[in-house]
Amino acid sequence: MSSSKPEAAPAAAAKEYRYNPAEIEPRWQERWAAQPDLYATEPASSEKPKYYVLEMLPYPSGQLHMGHVRNYSIGDALARYMWMQGYNVLHPMGWDAFGLPAENAALKNNTPPREWTLSNIAAMKRQMLRIGFSYDWRNEVTTCLPDYYRWNQWFFIRMFEKGLAYRKKSKVNWCPECATVLANEQVVNGRCWRHEDTIVEQRDLEQWFLRITNYAQELLDDLQKLDGWPEKVRTMQRNWIGRSEGAEVEFAVEDDTSVPEDERSQRRKGTTVLPAREDAKTAGKITVFTTRIDTIFGATSIQLAPEHPLVKEFAASDSNLADEVNTLLTQQKKAREAGGLGEIEKHGVFTGHYAINPFNGERLPIWVANYILAEYGTGAIMSVPAHDERDYDFAKKYGLEIRVVILPSRNGEPNTNGEEENLLPFTDEQSLLINSGEFNTLGCKEAQQKMAAFAQEKGFGKATIIFRLKDWGVSRQRYWGTPIPMLYCEKDGIVPVPDDQLPVLLPDNIEITQQGGSPLGKLAEFVNTKCPKCGAPARRETDTMDTFVDSSWYFYRYTSAKYDKGPFDTATAAYWFPIDQYIGGVEHAILHLIYSRFWTKVMRDLGLIKNDEPVTRLFTQGMVIKNGAKMSKSKGNVVSPDDMVARYGADATRMYALFAAPPDRDLDWQEDGVAGVSRFLGKVYRFVMKHAEAARSVTNTDTNAADAASQALLRKLHQTIGKITEDFAGRWHFNTCIAAIMELVNTLTAAEEELTSGRVPAGVLKTLLENLVLLLAPFAPYLAAELWQELGKEQSILRTPWPKYDEALAREDEIEIPVQVNGKLRTVVKVAAGTDQDALREAVKSDAKVQAAVAGKETVKVIVVPGKLVNIVVK
RNA sequence: GCCCGGAUGGCGAAAUCGGCAGACGCAGCGGACUUAAAAUCCGCAGACCCGCGAGGGUUGUGGGGGUUCAAGUCCCCCUCCGGGCACCA
C-alpha cells in the first residue's frame, strides 16, 4: 500500500481538515448549556433500569486539580456508556462546602467565608462545564446552604431523640493550628490530618458525640455484603472497627493497711507474686480486659495505664510515685508525637500495691507502665509474661515472675519435656492448660469459655466484646459549619430547637479571629434566645458540626435536591438507592465511607430508607503523580487542568487521564502524552471528516459485504466493540480500551485506498464511521458530538444505543499459530481458524522451517494446542 | 513488626485462563511533502553479537531456586518502592 505513486492520490482530497478543539468544544458547551434536560433522569416509573453513578464531591478550594479530573473522567465515561446502554442514569455533582479553609481565607484576605466559598464553587463549576462532564446540575447540592444544612440539624435532633447524639466531657484531640477538636480519625500519627507538622494536644471539653458504636457490630458484619468494594477498603474498615472478643475480670485491690509485718520487706520491689491470704481485706477494684482469660493463672502482675484513675489515687499519697508516673506520661506523649506508641521503650513503676487474682487468691503487684493505653479496653491489663510478647519484654526488663500455664499439645497431652523456656513467650492458642487448677488440660478456646462463665457465675467478670471504634465526636469550635441545633436552658437543661424553627441559620455578620473558642459564642444575638419549652432565657450551642456530617448523606439529597418537607423524598430515594457505582480516592476508605455507612443505618432505623448500605460498588482510583511524587503545591509539580484544556482541549486532557494508566493504579502525568492523545483525536477528526459527506449521502448500512477488505475492517470494528463492551462491564481498563480504538483507527486509515476507491461498499463505510464515533463518545464527548453531527445525525449521541457486538463478524477466519521447537519460537504457520489438533499437527510437520529445525533429531513429543501453538520436543 | 499493592524497553504501559513478551502511546532515528518550518504521512526501533545484505544467533519481565513441553503469569525464598495498621491486651 505504501508503494502507491504520488499522482494516485485523488485531487479531490485536497481539502484540509484541522482539528481545533478550541473551536469545537466551546461551541458544544454552549449548545449543551441550552439543553437543561440533556442529562436529566427519568422518573421512577421509567421502563429503563436505573443506574446511579456517583463521584465524590469536591471541597471547593477554587481550583479543580488533576485528581478531580481523573476521578470525574472515569465516572463520566461510565455514565455516558450507561446512557448509551439504555439505562436511566443519575449522575449528580455538588460541593462539600463547609470547612476550615474558608475561615483561613477569611483571615488572610478578609473575605467572608460564604463569599469565598460561593465564588470558588462558581469557578470550579465553570471548569467542570468546560471539561464537559455530564452532570445534571438541577440536582446540585451545596452543603453550606441552609436548605441543605437545615437537614443536618434535623438529623441531629432525631439522633438526640433516639439517644444517638449525646454530650459528654472527654479528653479530645485538639489541633492548635485549627483551634478546634478533631475526631480520632482525623489524627494521623499524633498529628493533625490537615497540618502534618502540628502535634495534636489532649484537652478536656464538653463535646457532642454520635453513638456510632451502637452500630459497630452491624458495620462490621455488613462488610461481608460489600463484595463490590475493594478488599483493601474492607480490611481497613475491619481493622478500624477493631472488634475484639475477650473477658473483663475484676481484681480486688488489697487493703495494705492490713498487711502482715513479715511481708513488708518482700513487698517493696513488687517483682514476685504473693500467695493467697484468707484474711485479706480489700479496698476498691481494678477491671482488666483480656482476650486470654485462659492464661490468667499465669498472671504475675497488673499493669495500669499512667492515666488510670487508680494511679492518681495511689500517687496522691506517694510523691515518688507521682514523679515516676509523670515521667511515664511524658514518654507516652513524646512517642505519640514522634509518630505512635509502636516503638516506645517499655518503662514501668511499681505502685507498692497488690491486687487479688479472683481465680486463685494470689496477690499480684500493681504496676504502672507506659505501654498501656488508657483509651483502649479498661486501661488496665493482667500481665502474663509467659504468653504475651509485650508482657514478656516487660517482665524480662524488670525481673518479674514468668509462669508457664499453657503448653503445646502433643498426642493430647501438654508437652513438658523441659523445652518451654525456649518457646517463651508462647502464645499459640492450639494449646493445653497446666498449672491452672480445675481448668488443667483444657484447650485454650474451651478454657476461655469456661473461665469466663466461671467468672460470671462468681460475679467477678464476664465474657465481653470491645471495639476499637469510638463514638464520633462531632463538635467543632469553628464558625464555618452547621450550627448544632441545641439550646441550654437553666430550667430545662439541654433542649433541641423545635423542627419548625429550623434551620438555625449561620449568621453572616461575624468576625473571624484566630483566638480559640467558638466564634459564634461572641455573637450575643446568636447566643441569647428563649427556651422553647418554658420561655425562659436560654443559650444556643455555639459549636458547629464536623464537615463529615455533610458528606455522610449528601448523595441521598441528590435524588430530590429541591425537596423541602424532609431531607429527601423517600420514594425517589428508594428508587435510586443503593448507589450502583461510587468512585473516589482511597484516602476516604475509613472516614467518609464509614460515617456514610453509619448514617445510612441510622436513616434506615428512622424509617427513611430501606437499604442497609449506601453503596453497592466502590471504586478507588489511583493518585496522579508527576515526576515520581504526588502533585502538590509544596513540591511544585502541580499541573493545572485549565492549562491542559487550553493547550490540548478537554477531550484530550480527560482522555489522557484514562489512557495513561489503568484507573486503579497511580498515574504519571506526562504532558507529551496529552499531546499524543490530542494528535490521535486530530487523526480521527480528519478521517471522519474526509468521509463524512460520502457517509451522509448513503442511506443503507448494509454490511453483507463479500469483499475481503470490508470483512477485515468490520472484523476489526467488532473486535474493538467487543473489547470495550467487556471492559466497561468489569475490568475498567480504559487505557487498553483507548488503545483498541487507536488500533481500529490505524487499521481504518491504513485502508484509505480501499475506502476512497469505492471498493468498500458505501454501507460498510457508513457503518465503520458511525460506530467509530459511538465508541469514542464516552471518552471524547465533544469530538464525538461534533462528528456525530457531521455524519448527519440529529439525535444526541448520548441517547443513541451503544454498538452491538457481533461475534460472527469479529471472528478471524485465518489465524497464525506459533511453532516452537524445545520451547523456542521457530516459525509461525497460518491455518484456518478452528483447525483441529491432527490437521494442525500435519500442517506444522510439512512446514519447511520446521523440518529444518528438527532435522537429524529425534522427536520426543509434540504438544498441539489448537488455536494457540505447537511445541515440538526433540532430543 | 504485621497486612495490602507494585517492580516489564529511554519513558507511560500491554499481555484478562500457563502458550509468539513489549499491543497502544510518548520520546528517538530515517524518509516523503515544503524554499524552510510547522502540521501531516511512510518506515525503523528491547539489549548484545555475527553478516555488505536478506537474514541468523544469544539474551531478556527486580534477584535466587522450583514445577512444566512451555512461566511476566503458578510455588518457595529474598531485595527495593508505594500505601495502610502498629505495644488494641
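Just so we're on the same page: letters track the sequence lines, and every chain starts at 1. For clarity, every value in this text was computed on a predicted model and none was experimentally measured.
- The residue N735(A) sits close only to the backbone: its heavy atoms come under 4.0 Å of sugar-phosphate atoms, none of a base.
- Here E389(A) lies out of heavy-atom contact (under 4.0 Å) with every strand.
- Glycosidic conformation at C78(B) (O4'-C1'-N9-C4 for purines, O4'-C1'-N1-C2 for pyrimidines): anti, more than 90° from 0.
- Pairing for U73(B) is absent, judged as Watson-Crick or G-U wobble with the two contacts each under 3.5 Å.
- Two residues, T235(A) and A305(A), neighbour RNA chain B, and the one matched to the more 5' nucleotide by heavy-atom proximity is T235(A).
- In this structure, the CG atom of D666(A) is 14 Å from the C1' atom of G84(B), given to the nearest Å.
- Look at NZ on K868(A): it is 14 Å from P on A15(B), rounded to the nearest Å.
- Between the C1' atoms of C2(B) and C87(B), the separation comes to 13 Å (whole Å).
- Rounded to whole angstrom, the span from the CZ atom of R826(A) across to the C1' atom of C69(B) amounts to 15 Å.
- Between C78(B) and A7(B), the two C1' atoms lie 14 Å apart (nearest whole Å).
- What separates OH of Y19(A) from P of U40(B) is a distance of 13 Å, to the nearest Å.
- Checking C24(B), A14(B), U58(B) against the side-chain heavy atoms of A739(A) singles out C24(B) as nearest.
- Base engagement by F659(A) is indicated by at least one non-hydrogen atom pair under 4.0 Å involving a base atom.
- Between S244(A) and A89(B), a side-chain N or O to OP1/OP2 separation shorter than 4.0 Å is present.
- One can find a donor-acceptor pair under 3.5 Å joining the base of C69(B) and the side-chain atoms of N871(A).
- Residue D672(A) contributes atom CG, which lies 16 Å from atom C1' of C24(B) at whole-angstrom precision.
- Note on K346(A): a base of the nucleic acid sits closer than 4.0 angstrom, heavy atoms only.
- Of the candidate nucleotides A23(B), G12(B), C41(B), C41(B) has the atom nearest to the side chain of R686(A).
- Here the nucleotide nearest the side chain of A661(A), chosen from A13(B), C24(B), A89(B), is A13(B).
- Across all strands shown, G60(B) forms no Watson-Crick or G-U wobble pair with both distances under 3.5 Å.
- Here C20(B) sits opposite no nucleotide as a Watson-Crick or G-U wobble pair (both hydrogen-bonding atom distances under 3.5 Å).
- Using C1' as the reference atom, C20(B) and G72(B) are 14 Å apart when rounded to the nearest Å.
- Side chains of K470(A) and T213(A): a donor-acceptor N/O pair is absent below 3.5 angstrom, by distance only.
- Taking the P atom of each, G64(B) and G9(B) are spaced 15 Å apart, rounded to whole Å.
- Counting to the nearest Å, the C1' atom of C81(B) and the CZ atom of R665(A) are 13 Å from each other.
- Heavy atoms of D664(A) sit nowhere under 4.0 angstrom from any nucleic acid atom.
- Of the P atoms belonging to C33(B) and A27(B), the separation is 23 Å, rounded to the nearest Å.
- Rounded to an integer number of Å, the gap from CG of L304(A) to P of A89(B) is 18 Å.
- Within the 4.0 angstrom heavy-atom criterion, no nucleotide atom of any strand lies near G242(A).
- Taking every side-chain heavy atom of N746(A) into account, G25(B) is the closest of A86(B), G25(B), C41(B).
- More than 12 heavy-atom neighbours from other residues, nucleotides or ligands sit within 6.0 angstrom of NZ on K397(A).
- Glycosidic conformation at G31(B) (O4'-C1'-N9-C4 for purines, O4'-C1'-N1-C2 for pyrimidines): anti, more than 90° from 0.
- In the set U40(B), A15(B), U16(B), U16(B) carries the atom at the smallest distance from any side-chain atom of E726(A).
- Nearest-nucleotide positions on RNA chain B place K723(A) closer to the 5' end than the other of K723(A) and F289(A).
- The base-pairing partner of U67(B), taking Watson-Crick or G-U wobble contacts with both distances under 3.5 Å, does not exist among the strands shown.
- With P as the reference atom, A38(B) and A54(B) are 30 Å apart, rounded to whole Å.
- For R679(A), taking side-chain heavy atoms from C-beta onward, the closest of the listed nucleotides A89(B), A14(B), A27(B) is A27(B).
- For K232(A) and C3(B), a side-chain-to-base donor-acceptor distance below 3.5 Å is absent, hydrogens and geometry of angles not being considered.
- Within 4.0 Å (heavy atoms only), V873(A) reaches sugar-phosphate atoms of the nucleic acid but no base atom.
- Defined by atom type and a distance below 3.5 Å, a donor-acceptor pair is present between the side-chain atoms of E429(A) and Q448(A).
- In a base pair of the Watson-Crick type (N1 to N3 plus N6-O4 or O6-N4) or a G-U wobble (N1-O2 and O6-N3), with each distance short of 3.5 Å, C80(B) is matched with G6(B).
- Residue-level contact check: Q820(A) touches the bases, meaning some heavy atom is under 4.0 Å from a base atom.
- For U8(B) and G63(B), the P atoms lie 10 Å apart once the distance is rounded to whole Å.
- The distance between the ring centers of F359(A) and F460(A) falls below 6.0 angstrom.
- Within the nucleic acid shown, R238(A) has no heavy atom closer than 4.0 Å to any nucleic acid atom.
- Ring geometry for W669(A) against Y656(A) counts as perpendicular: the plane angle is over 60°, on a 0 to 90° scale with 30° as the lower cut.
- Look at D847(A) and K849(A) and you find no salt bridge, because none of the NZ, NE, NH1 or NH2 atoms lies under 4.0 Å from a carboxylate O.
- Between F394(A) and Y398(A), the ring planes are tilted. Angles from 30° to 60° get that label.
- Closest to the Y376(A) side chain, of the nucleotides C41(B), C69(B), A89(B), is A89(B).
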For this session: Show the numbers, then the answer: is there a salt bridge (Lys or Arg N to Asp or Glu O under 4.0 Å) between K462(A) and E250(A)?
Result: CA-CA 9 Å; K462(A) 59 172 194 228; E250(A) 283 173 11; over 6 Å; no
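- Rounded to whole Å, the separation between the P atoms of C26(B) and U40(B) comes to 10 Å.
- Proximity note for P818(A) (side chain, C-beta onward) versus C20(B), A23(B), C69(B): the nearest is C20(B).
- Across all strands shown, R18(A) has no heavy atoms under 4.0 Å from either base or sugar-phosphate atoms.
- At whole-Å resolution of the value, CG in L825(A) and P in A70(B) are 16 Å apart.
- Annotation for E231(A): atom CD counts as buried by contact number, over 12 foreign heavy atoms lying within 6.0 Å.
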